Structures are given as C-alpha cells and as structure tokens.
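Please read all numbers here as calculations on a predicted model, not as lab measurements.
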Amino acid sequence: MKVAIIAGAGPAGLTAAYEMLQQTDIHPIVCEATDKIGGISQTVEYKGNRMDIGGHRFFSKNEAVMQWWNMMLPKQGKRSKDDILLDLNDKELAEGGPDPEKEDRVMLLRHRVSRIFFLRKFFDYPISMRKETFLNMGFARTMRAGFGYLWSCIHKLPETTLENFYINRFGRPLYEMFFEDYTTKVWGVHPSQLGADWGSQRVKGLSVIAILKDMWRKAVGTKDTAEVETSLIEEFIYPKYGPGQLWELVAEQVRTQGGEVRTNEAIEKIHIESGEVKGVTIRKADGTLIEQSCDIFMSSMPIKDLIAAIDGIEVPNEVRHIAGGLPYRDFITVGLCVNKMKIKNETKLKTWANRVPDTWIYIQERDVKLGRLQIFNNWSPYLVKDYENTMWIGLEYFCTECDEMWEMPKEKFIQMAIEELVRIDIIESDAVLDACHVKIKKAYPAYYGSYYELDKVRLFLDTISNLWCIGRNGQHRYNNMDHSMLTAMEAIQAIATGSTDKTNVWNVNTETEYHEKK
C-alpha cells in the first residue's frame, strides 16, 4: 500500500487526509509537531471556558466547502426564521443562555457583528454610511473624509503599496482613521512598506462603492449572499464548541477510516532522491528519531522550515536565502473571564443582560498595543462555562517571535492586557475573575521582505514531483480556513488522477472576487 506523509494537523492537513481516504487507496499519516489538533483553528480550553484562536467564521463562497462543513457538523433540529433572526440567531441568548432542549445541536447559525472601537466609540465594520458613523466622527472629520474620498476618485495613486491600495478605495482621511494604525499593529511595519498583494487578496472588492451597493440591496430587499463581499456578510455558521470541535471530529474520522493522526511528531528531515520524496525523519516528543518511508509528501509546515528540512539534494543558495528570510507574524491571546464590561449594547439587537453583541471588536485606539477583542459569549454560548454570570473575552496581540511582547513573562503580559482594557474604558480592573495566556507561532505569513521572491522557491519545490504544498503556511499565503481546505482538495484530486501538475493548488485564493478580512 502506498503511504502519504502529511505535515501538520491543521485544516489543510486534516482535509487532505480525509479526502485521500475517500478518493484513493493511499494510507495517510498526519504528523503534527504539537500536542494540539487544528493548527490556528484549534480551540483552547481553560477551566471550562473555550477560546477560538483568531476567530473563525464558517462561511465560504465555495459550495463544496460549505457542503463539507455541513457533512461533518450537521445542523440539528428545526428552527423557524423568527428564531434565527432574533438576537444573534439564537433565541435562548436573549433569554438567559443555552437551551437544554437544543443540546444536540452541533452547528449554530450566528449573526455577524464586528465593529471598530475608535475615539472610545463604536463604528461599524466595514465602515457604513449610517448617521451614527458621521455623528461619532464629528463634523470636521466627516468633511475631511468626504473630500478625501472624492479626491481619491479623481486622483488615483499607483498601487505599489498597501497604503496606496487603501487610499484609492477610501481616501486618505478614512485610511488614516480606520486602516493605518491597525494594519501597523498586525504586521509590525507601516502600510507604506507593505505590498498591495495583501490588499488585493484580502480586501479585493471592499470600497465605499461596495458598501453603498450593499446598503442599497438591503434597503430594497435584493441582497444576494453570492454577490456580497465576504466582509459584508451578516450570518455564518459556527460549531457549538468552537472550530477545534470540527477538526477533532475530522481527526477521529481519519483514524476510524484507517488513517493515522499522530501528535508530538515533528518532521525533522525530508529525504529526496531522483526528484522525489522517499521518506522523512520524524522527531518524537522524547527526542527519539524515527524513519518513515513514503510515496507522497504533503506539507502544511512553514516554507522556511520545509526548505531547511530538505535532505539528499542541493538546495540552491538563492532558494535557501529567500525561504530563510520569509517573514511571519506571531500571535498572543489573553483570555479574560470577567463579571461585566463597561461597554453596553446600544444596537437594536436584543442581548442577555444588555451585553454588547459583537463577535469581535477591532481596537483602533493608538494608546494601546491591543489589536482586536473577541467576545466568546457571542460566538457560541457553549464556549463559556458560566454564560449567565460571566463574559469570556480574548485580547489579541500581534508580535514577532523573540520581540519584547513575545518574551514578556506571562503574568506581566496579562497585567498589561488588563491595564489596556481599563485605559480604554472597556472594563474595570476588579471585574477580572481569571486569566490565561496563549502563544501561537507563525500565525500569519507576512507580505514583505523576501516574500516577493517566493516564486523562485515555488519553482524549485515544484521540481519535486510528489511534494505538495498546502495550507496557509505551506504556501506562505494568508489563506482563510476554506482556502486552506481547498488547496488540500485540489491536491488530492490531482493525486487521485495521477497528475503531478500543481498549478490548481497554487491558484487557490488568487481569484478576484473572494474576500474576507481577519
């Protein structure tokens, strides 16, 4: 029997293993370097509370992916449209928490609420043209924004940087208010130093015109989800226990159907002969090295690590240099269990105890390092141990491994995070009941530095006929979960037909219409 080694038990790796079992007679062995299933899509549990790392909306414009999710996590029970539309699409949230009669549900339908917190006020995200937006901005800022947008319509900048990309779509004043500082927090470099590639991939169709079109469709009742920019969607599905629930179920399915999913096993070396991967060296948790032969190797490990692990052939110095210089952003989440928040619900949505309805809030305030705030109660009531009496929130920080934030002691970091929320009037310090601290390496492949020479690395990797690069880090592309899955699906389809052409795999998420910003 042929064997495939799959590096990484994230969305791409597990999708590849599952699809391989459906479409081929190849035996998949998934090797995950950590003790966690799901990669960045894992769900972290802390004292009965569950935390979604980064926030994962289950929405895709690809029907195959939507069907795949529904197959794995079917929605159970019937609800009327009235129930779905009331308060975050779950009636029980307005009435005090999860309904015991609905405990068998696996997938929930959620109402998307994301806003920007700026000037200690809430703004719609994406920015809307509603009266509240202009009132919060004030007359002077509103006039500047309006004239700035009109100027951007007649004076287009060359889209050589992400800064110019945003200015062309929103005008300089709106860019400076709502994009500049947050983007710098995320990537650690100013948007003027980032290429427009990231914008064209992640915010392709979003603009003032797109927002106005969306408002018009809503007003006249002709809104079609298939035609809406993904950041303008209003509903998404979500596993009741977080995204990790899905990937743990997929891992279970892979094992049940005869595949293997191994944790604490890192790929140390990739042995290549005559243009093919012949086997790998695996390092186990206790440091033991084992050899495993294979007929196919699928990699969702970072390209930097992939190139460093190649053995048996000479890697060109240029390729090694480019791969070694690929930039990444790392991620720290502080989970806080609080008894209340100072910010209140001033929307039309009904919520339990008048809590804010947001799934996450973009923090644009310049006096804090905090980038984004998740409110897990609003993702799923089942993520929170005591839904009625506590709020479980996640404070997201973007950093680079070994920098000041990454090296800060856990207790000191948590205290900093609490002080920042107090400073911007979101909580009182005595509201905090408990806290945890989670680090994720290489969460975001970055679009600067040697990224712009990545094609040379790709050309080299494509000469290895049975090596397939899949997923976010496997392609050094800021994919969403569905795109990571699609790279795996495309690869398996090619393998099932005996093809070694990787074009379709690399072309995932290069279309001009898909969009989601996270």
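Less than 6.0 angstrom separates the ring centroid of Tyr397 from the ring centroid of Phe413. Separation of the Tyr444 and Phe331 ring centroids falls under the 6.0 Å cut-off. Annotation: Trp379 is in aromatic contact with Tyr238 [ring centroid separation under 6.0 Å]. Tyr182 and Tyr362 have their aromatic ring centers within a separation under 6.0 angstrom.
Scored by the ring pair (Phe, Tyr, Trp, His ring centres under 6.0 Å) test, Phe460 finds no partners at all (sequence neighbours excluded). Taking the ring pair (Phe, Tyr, Trp, His ring centres under 6.0 Å) definition, one finds that Tyr175 meets it with nothing, sequence neighbours left out. Residues passing the ring pair (Phe, Tyr, Trp, His ring centres under 6.0 Å) test with Tyr328 are His476, sequence neighbours excluded. Not counting sequence neighbours, the partners of Asp501 by the side chain to side chain contact (heavy atoms under 4.5 Å, CB included) test are Ser499, Thr503. Every residue was checked against the ring pair (Phe, Tyr, Trp, His ring centres under 6.0 Å) condition with Trp468, not counting sequence neighbours, and none meets it. Scored by the side chain to side chain contact (heavy atoms under 4.5 Å, CB included) test, Glu276 finds Lys278, Ser465, Asn466 as partners (sequence neighbours excluded). Residues meeting the side chain to side chain donor-acceptor pair (under 3.5 Å) test with Lys47, sequence neighbours left out: Asp434. Partners of Ala251 by side chain to side chain contact (heavy atoms under 4.5 Å, CB included), not counting sequence neighbours, listed by chain and number: Leu14, Ile37, Arg255, Val261.
Using a 4.0 Å cut-off between charged side-chain N and carboxylate O, Lys456 and Glu318 make a salt bridge. Salt bridge Arg115/Asp124: absent, no basic N to carboxylate O contact under 4.0 Å. Ionic pairing of Glu291 and Lys269 is not present here: no N-O contact between side-chain nitrogen and carboxylate oxygen is shorter than 4.0 angstrom.
Within 6.0 Å of CD in Glu407 there are more than 12 heavy atoms belonging to other residues, nucleotides or ligands. Surrounding CD of Gln257 are more than 12 heavy atoms belonging to other residues, nucleotides or ligands, all under 6.0 Å away.
Between Gln364 and Ile116, the shortest heavy-atom contact is CG-CG2, 3.0 Å. Closest heavy-atom contact between Pro381 and Leu108: CD-CD1, 4.2 Å.
A donor atom on one side chain and an acceptor atom on the other are not found under 3.5 Å apart for Asn62 and Ser60. For the residue pair Asp35 / Asn264, no side-chain donor-acceptor distance below 3.5 Å is found, with atom types taken as modelled.
Rounding to the nearest 0.5 Å gives a distance of 11.0 Å between CG of Leu306 and CG of Leu326.
Classified by interplanar angle (parallel below 30°, tilted 30° to 60°, perpendicular above 60°), the ring pair Trp187/Tyr447 is tilted.
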In residues 485-496, what donor-acceptor pairs under 3.5 Å come from side-chain atoms, sequence neighbours left out?
{"residue": "Thr487", "atom": "OG1", "partner": "Gly471", "partner atom": "N", "Å": "2.9"}
{"residue": "Thr487", "atom": "OG1", "partner": "Ser484", "partner atom": "O", "Å": "2.6"}

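Both cation-pi conditions hold for Arg57 and Trp360: the charged atom is under 6.0 angstrom from the six-membered ring centre and inside a 45 degree cone around its axis. Under a cutoff of 6.0 Å and an axis angle of 45°, Lys240 and Tyr382 form a cation-pi pair.
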Original post:
Checking side chain to side chain contact (heavy atoms under 4.5 Å, CB included) for the pair Val277/Ile464: CA distance, chi angles, key distance, verdict?
Top reply: CA-CA 7 Å; Val277 178; Ile464 305 170; 3.8 Å; yes

Subject >> Residues Phe58, Phe236; criterion ring pair (Phe, Tyr, Trp, His ring centres under 6.0 Å); working and verdict >> reply: CA-CA 6 Å; Phe58 283 66; Phe236 61 95; 8.5 Å; no

**OP:** Please assess Arg329 against Thr400 for the test side chain to side chain donor-acceptor pair (under 3.5 Å), listing each intermediate value before the final yes or no.
**Re:** CA-CA 5 Å; Arg329 287 292 274 174; Thr400 300; 2.7 Å; yes

**OP:** Would you check, one step at a time, whether the test side chain to side chain contact (heavy atoms under 4.5 Å, CB included) holds for Ile332 with Val438?
**Re:** CA-CA 6 Å; Ile332 298 175; Val438 178; over 6 Å; no

Original post:
Under the side chain to side chain contact (heavy atoms under 4.5 Å, CB included) criterion, do Ile26 and Met1 qualify, and how do the steps go?
Top reply: CA-CA 6 Å; Ile26 301 168; Met1 178 183 290; over 6 Å; no

Original post:
Going through the distances and angles, do Thr263 and Thr34 end up as a side chain to side chain contact (heavy atoms under 4.5 Å, CB included)?
Top reply: CA-CA 6 Å; Thr263 56; Thr34 72; over 6 Å; no

**OP:** Before giving the answer on side chain to side chain donor-acceptor pair (under 3.5 Å), spell out for His56 and Asp52 the whole-Å C-alpha distance, their side-chain angles and the decisive distance to 0.1 Å.
**Re:** CA-CA 7 Å; His56 291 81; Asp52 182 349; 2.9 Å; yes

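Sequence neighbours left out, the pairs with a member in residues 292-315 that pass side-chain hydrogen bond (donor to acceptor under 3.5 Å, both in side chains) are His271-Asp311. Residue pairs meeting the ring-ring contact (aromatic ring centres under 6.0 Å, His included) criterion with at least one member in residues 14-47, sequence neighbours excluded, are Tyr18-Trp68. Applying the salt bridge (charged side-chain N to carboxylate O under 4.0 Å, His left out) definition to pairs two or more places apart or across chains, those involving residues 460-469 are Arg458-Asp462.
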